[in-house]
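To keep things clear, I will list the structure first and then write my remarks on it.
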Amino acid sequence: MNATTTTRMTIDICADGVWAGNGHVTVDSRGRHNVICAADLGEGAYETIEDALDNGDDSCEHDGVSYSWWTETI
């Protein structure tokens with residue numbers, strides 16, 4: 001069995017330049033991101049943001065909405 005390490009960060013998300021909410025992100029030892037946030041971004045938006053984070057991006061677009069965020073390791 002392999003041990004996994006997890007990094008945790010805070011995240012603030014903006015939708016079309018307007019602050020939408022904050023929460024946290026966990027990053028597993030494989031570099032996969034999981035976002036937990038109180039913002040109601042709509043179906044599929046979180047998955048798109050997680051994929052963008054996995055790719056090292058700090059913004060993305062989903063269903064015509066531009067999302068950006070900033071994170072801080074805690």
Side-chain angles (χ1 to χ4, degrees):
M1 181 157 83
N2 292 336
T4 59
T5 58
T6 302
T7 301
R8 186 171 169 156
M9 301 179 287
T10 60
I11 188 168
D12 283 272
I13 300 173
C14 293
D16 286 337
V18 177
W19 185 79
N22 64 353
H24 70 271
V25 179
T26 56
V27 184
D28 68 21
S29 61
R30 296 171 294 158
R32 303 267 173 124
H33 294 76
N34 181 39
V35 176
I36 305 295
C37 184
D40 183 13
L41 302 182
E43 190 167 332
Y46 282 111
E47 291 83 0
T48 302
I49 291 170
E50 290 167 350
D51 290 343
L53 283 163
D54 289 347
N55 292 327
D57 299 329
D58 60 5
S59 63
C60 65
E61 188 170 315
H62 180 78
D63 284 345
V65 178
S66 294
Y67 294 101
S68 60
W69 52 85
W70 59 95
T71 60
E72 183 177 339
T73 302
I74 54 175

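Hydrogens, waters and symmetry mates are skipped; everything else that's a heavy atom, side chains included, is used.
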Nearest 0.5 Å, please: how far is [atom2] in [Y] from [atom1] in [X]?
X: W70; Y: T10; atom1: CH2; atom2: OG1; answer: 10.0 Å
X: N34; Y: D28; atom1: CG; atom2: CG; answer: 9.0 Å
X: T71; Y: R8; atom1: OG1; atom2: CZ; answer: 13.5 Å
X: I13; Y: Y67; atom1: CD1; atom2: OH; answer: 8.5 Å

Let me see the working for T7 and T73 under side-chain contact (heavy atoms from CB on, under 4.5 Å), right down to the final yes or no. CA-CA 8 Å; T7 301; T73 302; 4.1 Å; yes
Main-chain N/O of V35 paired with E50 side-chain donor or acceptor, under 3.5 Å: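 Here the side-chain-to-backbone pair exists.
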Rest of the hydrophobic cluster containing I36 (Ile/Leu/Val/Met/Phe/Trp/Tyr, side-chain heavy atoms under 4.5 Å)?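 The other cluster members (ILVMFWY side chains, heavy atoms under 4.5 Å, direct or chained): none.
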Between I11 and H24, which heavy-atom pair has the shortest distance, and what is it?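 Taking every non-hydrogen atom into account, CG2-N, 3.8 Å.
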Heavy-atom closest contact (A39 atom, A20 atom, distance):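 That closest heavy-atom pairing would be CB-O, 3.2 Å.
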In a table with atom names and distances, give each donor-acceptor pair under 3.5 Å that connects a side chain of residues 51-60 to protein atoms at least two apart or in another chain.
{"unit_1": "D54", "atom_1": "OD1", "unit_2": "H33", "atom_2": "N", "d": "2.8"}
{"unit_1": "D54", "atom_1": "OD1", "unit_2": "H33", "atom_2": "ND1", "d": "2.7"}
{"unit_1": "N55", "atom_1": "ND2", "unit_2": "D51", "atom_2": "O", "d": "3.2"}

Contacts of type side-chain contact (heavy atoms from CB on, under 4.5 Å), residue D16, not counting sequence neighbours: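 With sequence neighbours excluded, D16 shows a side-chain contact (heavy atoms from CB on, under 4.5 Å) to V65, S66, given in chain and number order.
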